[in-house]
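What follows is a single structure, written as structure tokens, with notes after it.
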Amino acid sequence: MDPRLNIIDKRFENVKRIIAVSGGKGGIGKSLTASTLALILTKHGFRTGLLDLDFCGPSDHVILGIEGVYPEEDRGIIPPEVFGVRFMSITYFAGYNPVPLRGGEVSNAIIEMLAITRWNELDFLIIDMPPGTGDPALDIIRLIKRVEFLVVTTQSRVALAVAKKELQVLRELGVPVAGVLENMRIKEQSAAKEELSGYEVPFLGSILFDHNLEDALGDARELLKTDFAIQLEKIVIANLIK
Amino acid sequence: MHEWALAESIVFTVNEEAAKEKLKDIALVKVKVGELQQIELDIFKFALENVLPLSSIPLDMARIDIEIDESTLKCKVCRNEWNFREAAGKLPEEESEAIHFIPEVAHIYMRCPRCGSPDFEITKGRGVWIDYIEGER
């Protein structure tokens, strides 16, 4: 028996809500949503953690402009607080190097990270998931019993097709879905709301494509001023912290 | 793996298994630790002494036997086999420490000594597991 599995529950016992920000496709804004969501929750006074679980393509540190910080070692690993957010990422251990891991190794690395990280008391832990419903998603569902998913999609029929598959998997596994967020909307009408209406999950809202967002990347304060963040904040207030 | 996390996880697991199997006394807990975890036994013993008061069943260091499982790494490209110990001595301290916390990052810092590929498999010597628990009902 693997003793690490028994400590994972303890690591989350003082975390009130755990939200995995996921989505079937890459490039639809999962990491931006997860990072900005963590900043918004912190701004509203919630004790928030952010865990970048995209081991092969970690990017939250790039989005938030985090560098030169490291976890504290105290009976495990305590993630450093950056912009008020407790932030954990494989980049502390991998630096700027690529991380060439196969599926089983990703699972082992996830177990290890969950077992050693001490989050202490949090109102929200936001997990930035890699794309898809492969090993990382199944591991998080298996290992973190109270996790709920926030599914990000775009209007693209490609993203929607994969979002449907993810919602099917979550429904089959009985995993709660906090809601679906439509990102990068360019058409007047929302496509996701209607397309995903049959899945009986809350539609949180849609965010218009923000042409100026790229310029704010790497600066958490500027990021919070973007149209993207302002729209996301309204959605968060209406749906997650009301 | 971090020694404190390992110590805590062993105590919680033994407690859970003891409750499940209705054990009143623990005689021996056999723990196997992969070489890649790079556990420092002195730190582990210190951590264990500190977390043992959390145990719901009497447990002490004398009843915990730790065995280090030697590693075998196998290159998926040229099929060469080697072990972590041989290669670890050449790693800078910060890279070795990173592997201690998350052993999979070995794929970042190590290469097959024969062909230089990072695409290798850790076939042995990774992970932590409780092999068996001996006790009385």
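Order of the sequence lines fixes the chain letters, A, B, ..., with proteins taken first and strands second; residue numbering starts at 1 for each chain. From a predicted model like this one, the values you see are computed outputs, not experimental measurements.
A salt bridge links B:Arg126 with A:Glu112: at least one charged nitrogen is closer than 4.0 Å to a carboxylate oxygen. In summary, B:Glu8 and A:Arg11 engage in a salt bridge, as defined by a charged side-chain N under 4.0 Å from a carboxylate O.
Distance CZ/B:Phe101 to CD1/A:Ile116: 6.5 Å, rounded to 0.5 Å. The CD atom of A:Glu73 lies 7.5 Å from the CD atom of B:Glu3; values are rounded to the nearest 0.5 Å. Note that the CD atom of B:Glu121 and the CD atom of A:Glu105 stand 7.5 Å from one another [nearest 0.5 Å]. The distance from the CH2 atom of B:Trp4 to the CZ atom of A:Arg118 is 9.0 Å, given to the nearest 0.5 Å. Atom CG of A:Asn108 sits about 4.5 Å away from atom CD of B:Glu104, to the nearest 0.5 Å. The NE2 atom of B:His107 sits 13.0 Å away from the CZ atom of A:Phe55 when rounded to the nearest 0.5 Å.
Heavy atoms closer than 4.5 Å to chain B are found in the side chain of A:Ile90, but not in its backbone. Proximity to chain A is limited to the side chain of B:Glu17, based on heavy atoms less than 4.5 angstrom apart. B:Phe46 does not touch chain A: none of its heavy atoms, backbone or side chain, sits under 4.5 Å away.
The greatest number of non-hydrogen atom pairs below 4.5 Å with chain A, out of B:Ile108, B:Val105, B:Ile122, is found for B:Ile108. Top candidate by heavy-atom pairs under 4.5 Å with chain B, chosen from A:Ala94, A:Gly95, A:Gly104, is A:Ala94.
Other residues, nucleotides and ligands contribute more than 12 heavy atoms inside 6.0 Å of the NZ atom of B:Lys30. By the neighbour-count criterion of 12 heavy atoms within 6.0 Å, atom CD of A:Glu214 is sparsely surrounded, having that number or fewer from other residues, nucleotides or ligands. Other residues, nucleotides and ligands place more than 12 heavy atoms under 6.0 Å from the CD atom of A:Gln168. The local environment of CD in A:Glu172 is sparse, with at most 12 non-hydrogen atoms from other residues, nucleotides or ligands closer than 6.0 Å.
Using a 4.5 Å heavy-atom cutoff, the side chains of A:Arg4 and B:Leu6 are not in contact. Between B:Phe12 and A:Lys10 the shortest side-chain heavy-atom distance falls below 4.5 Å.
The nearest pair of heavy atoms linking B:Pro118 to A:Pro100 is CB-CG, 4.2 Å. In this structure, B:Tyr109 and A:Phe93 approach most closely via the heavy-atom pair OH-O, 2.5 Å. Taking all atoms of both residues into account, the shortest heavy-atom contact from A:Asp2 to B:Val128 is OD1-O, 3.3 Å. A pairwise comparison of heavy atoms in A:Arg102 and B:Asp119 identifies NH2-OD2, 2.7 Å as the closest pair.
Residue B:Thr13 forms a side-chain contact (heavy atoms from CB on, under 4.5 Å) with just one option from A:Leu5, A:Asn6, A:Ile7, and that option is A:Asn6.
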